[in-house]
Amino acid sequence: MNEKNQTLVSEIVLLGFQNLHYFKIPLFSLFLLIYIMTVWENVLIIVLVSSSRNLQSPMYFFLQQLSLSDLLESTDIVPTLLQTVLNNRATMSFCGCLIQLYFWGSSEIFECLLLAVMSYDRYVAICIPLRYSSIMSRRVCVELILMAWALAFGLPVITLNLVGTQQFCDRKNIDHFFCDFLPLLQLFCSDTSSVEYEVIFQMVPVVFIPFVLIIVSYVCIAHAILKIVSNTGRQKAFFTCSSHLVVVSLFYGTLIAIYVAPPGKQSQTISKVLSLLYTVVIPLVNPLIYSLRNADIKEAFK
């Protein structure tokens with residue numbers, strides 16, 4: 001049975017967006033342009049933070065790590081997306097599918113943890129400003145990031161190990177533009193409850209707890225901002241958090257819409273469009289959100 005399963009899943013066919021017809025070339029050009037801009041923007045952020053003396057605070061260090069994560073996710077997903085748009089489908093080996101799923105999962109887990117760390121950083125900066133330099137020291141920031149990357153690269157291994165032991169049907173087509181977890185589960189003939197329970201168990205420390213931490217941090221921040229007497233002080237405090245709040249809303253909003261909302265409530269097309277938002281669009285707009293109104297980044301760029 002195992003040999004039969006291995007033969008049947010030797011390759012995966014990603015169907016992508018079907019019936020594009022005359023829109024193939026325009027969409028291919030659009031996604032290629034988005035990818036080029038994404039790479040350029042995020043590499044620019046990484047280089048600026050590394051080379052500029054004015055961008056050595058914890059906030060910019062975390063922003064640099066966010067750019068690294070976005071670069072990893074975009075490079076993992078977009079080449080396959082371009083292939084599905086141009087050829088109406090993309091064929092990859094089952095091993096290649098698992099590798100893509102691994103790096104996608106790693107980038108998503110890291111971003112969940114990083115956004116929580118960034119919200120805590122903003123909480124300390126606004127609510128405990130006199131102790132900020134001692135609490136968010138360079139050593140603490142590096143240790144937090146190393147732990148986040150270790151969890152991001154370690155936890156998906158458990159999931160992939162369970163996926164590799166499942167029994168597959170004779171289906172090999174995935175109605176998506178990359179090897180997403182939920183569409184891949186539909187290829188299983190065996191009971192997938194063990195994989196689903198394992199993923200739900202992982203979501204507690206890497207999704208729910210960071211999300212709660214973000215909410216608590218911003219409740220405390222809002223309470224502190226309301227205590228500020230001057231309007232200028234309130235606007236300055238809100239400005240330091242607004243970019244991060246927009247990124248959190250986009251990231252968690254799309255994740256909840258795709259993976260928490262009941263599957264029957266949305267079509268596969270809507271699911272793919274939402275997936276485009278957090279795998280292609282968000283890595284493009286994150287550097288813009290953080291840099292458009294940031295005087296330090298503009299000065300470093302000049």
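Under the 3.5 Å distance criterion, the side-chain polar atoms of Ser217 are left unmatched by any main-chain donor or acceptor of Tyr123. At least one donor-acceptor pair under 3.5 Å links the side chain of Asn42 to the backbone N or O of Pro283. Side-chain atoms of Thr75 do not come within 3.5 Å of backbone N or O of Leu72 as any donor-acceptor pair. Side chain of Ser119 to backbone of Ala116: a donor-acceptor contact under 3.5 angstrom is found. Looking only at distances, a side-chain donor or acceptor of Ser29 sits under 3.5 Å from a matching main-chain atom of Ile25. With hydrogens and angles ignored, the 3.5 Å screen pairs a side-chain donor or acceptor of Gln100 with a backbone N or O of Asp76.
Aromatic ring pairs are classed by plane angle as parallel below 30°, tilted from 30° to 60° and perpendicular above 60°; the pair Tyr252 and Phe211 is tilted. Ring pair Tyr290/His244 is tilted by interplanar angle, where 30° to 60° counts as tilted. Ring geometry for His176 against Phe178 counts as perpendicular: the plane angle is over 60°, on a 0 to 90° scale with 30° as the lower cut.
If you check the gamma sulfurs of Cys127 and Cys220, they are not less than 2.5 Å from each other.
Nearest approach of Ser106 to Phe153, heavy atoms of both residues: OG-CD2, 3.6 Å. The two residues Ser74 and Thr38 have their closest heavy-atom pair at OG-CG2, 3.8 Å. Across all non-hydrogen atoms, the minimal contact from Val49 to Gln56 is O-NE2, 2.8 Å.
Under the 4.5 Å side-chain contact rule for hydrophobic residues, Tyr197 and Leu155 do not share a cluster. Criterion: ILVMFWY side-chain heavy atoms under 4.5 Å apart, direct or through other members. Under it, Ile174 and Val13 are not part of a common hydrophobic cluster.
Within the cation-pi definition used here (under 6.0 Å to the ring centroid, within 45° of the axis), Lys272 does not qualify as a partner of Phe177. Taking the ring axis of Phe61 as reference, the NZ or CZ atom of Arg138 stays within 45° of it and closer than 6.0 Å to the ring centre.
Asn54 and Tyr60 share no side-chain donor-acceptor pair at under 3.5 Å.
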